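Data first, discussion second: the structure below is written as structure tokens.
Sequential numbering from 1 along the given sequence is applied to the chain's residues. Please read all numbers here as calculations on a predicted model, not as lab measurements. Numbering of ligands and ligand atoms starts at 1, following listing order. Because only heavy atoms are used, hydrogens play no part in the values below, and waters and symmetry mates are left out as well, while side chains stay in.
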Amino acid sequence: MSAKIIDGKAISANVKEQVKAEVERDKLDIGLAVVIVGDDPASRVYVNNKKKACEFCGIKSYEYALPAETSEEQLLELVDTLNADKKVNGILVQLPLPDHINEKKIIERISRDKDVDAFHESNVGRIMIGNFAFLPCTPAGCMELIHSTGIDVSGKNCVVIGRSNIVGKPMAMLLLHENGTVTICHSKTKNLAEVCAAADILVAAVGRANFVTADMVKEGAVVIDVGINRLENGKLCGDVKFDEVSEKAGYITPVPGGVGPMTIAMLMRNTVTAWRIQNEK
Ligand code: GUN
């Protein structure tokens, strides 16, 4: 059997169309500040894509591109300024930050009502108890892709590989909120292949090219590939060995064109939510 490809590009375009229509309908004047420190090429690509999405949706974007030598104190000052700026409804500080800056300190300084990444510990806590304003963009995008298959998460065996704060942990929580039976795997997991092979829904967020092979996948499973790995030949590749896994899975996301564009679409949705939180209290 050959898997159906989940078209993240088309689904994300749909989400952005919805956001654009909402912004136009309600004549919303929304601003997103995007902060990038240093010149990491991957971060530059992400930030450019975020700006393009804003333009499409009718959201104003304000870019702050700071040199790599920017001090923690200077970045904290910028966050304070953006927190107080009425034109700015969402604040996104692109990660990773240079080593001399404490990421946690910066994230915690962002007003929780402008934290469109949902990285602030207050927003993380709210995801845990199911009372959230913002969903973290990448896991929320994965959930949209899973929903697009028409498969109900309730009662399914869900396995998430990876336990990062940005993807693995919140992903597990969102699956749990929909009554999935969730296992989180990581580098210390025993019998990883066996655990993964029992999954009806498998989410790979490992950060290692071609990590998930066909023997780790159940026949007909939904496979969501969060990985974006650059190979030596310059090509992008996911965490899943696409050629062989797509012969066995029921549904699979490609890389590129799967989870990546969804993350940005969900950021647009969160930015509208931020505006509503700030203006419709
Ligand atoms: N770096 C990699 N992914 C992300 C993301 O979703 N948000 C931010 N701010 N930085 C990232």
message: Counting non-hydrogen protein atoms only, what is the nearest one to atom 9 (N) of ligand 1? Give residue, atom name and distance.
response: D117 OD2, 2.7 Å
- request: State plainly whether the residues R44 and E63 are in salt-bridge range, i.e. N to O under 4.0 Å.
  value: yes
message: Regarding K114 and Q278, do their side chains bring together a donor and an acceptor under 3.5 Å, going by distance alone?
response: no
field: Contact with ligand 1 for F119, non-hydrogen, under 4.0 angstrom
entry: yes
field: Candidate with minimal heavy-atom separation from atom 1 (N) of ligand 1, of I36, V167, I264, L95
entry: L95
Evaluation steps, side chain to side chain donor-acceptor pair (under 3.5 Å), between N229 and D239: CA-CA 7 Å; N229 309 292; D239 290 348; 2.9 Å; yes
- prompt: Taking atom 11 (C) of ligand 1 as the point of reference, which of K50, M266, Q94 owns the nearest heavy atom?
  reply: Q94
field: side chain to side chain donor-acceptor pair (under 3.5 Å) between D215 and T213, worked out
entry: CA-CA 6 Å; D215 60 302; T213 45; 2.5 Å; yes
message: Please tell me whether S111 and D113 have a donor and an acceptor in their side chains that are separated by less than 3.5 angstrom.
response: no
message: Any donor-acceptor pair under 3.5 Å linking the side-chain atoms of D200 with those of N157?
response: no
message: Does ligand 1 come near enough to Y46 that some N or O of the ligand is less than 3.5 Å from an N or O of the residue?
response: no
- prompt: Is there at least one pair of N or O atoms, one from I166 and one from ligand 1, spaced under 3.5 Å apart?
  reply: no
task: Provide the number and element of each atom of ligand 1 under 4.0 Å from a heavy atom of V93.
output: 8 (C), 9 (N)
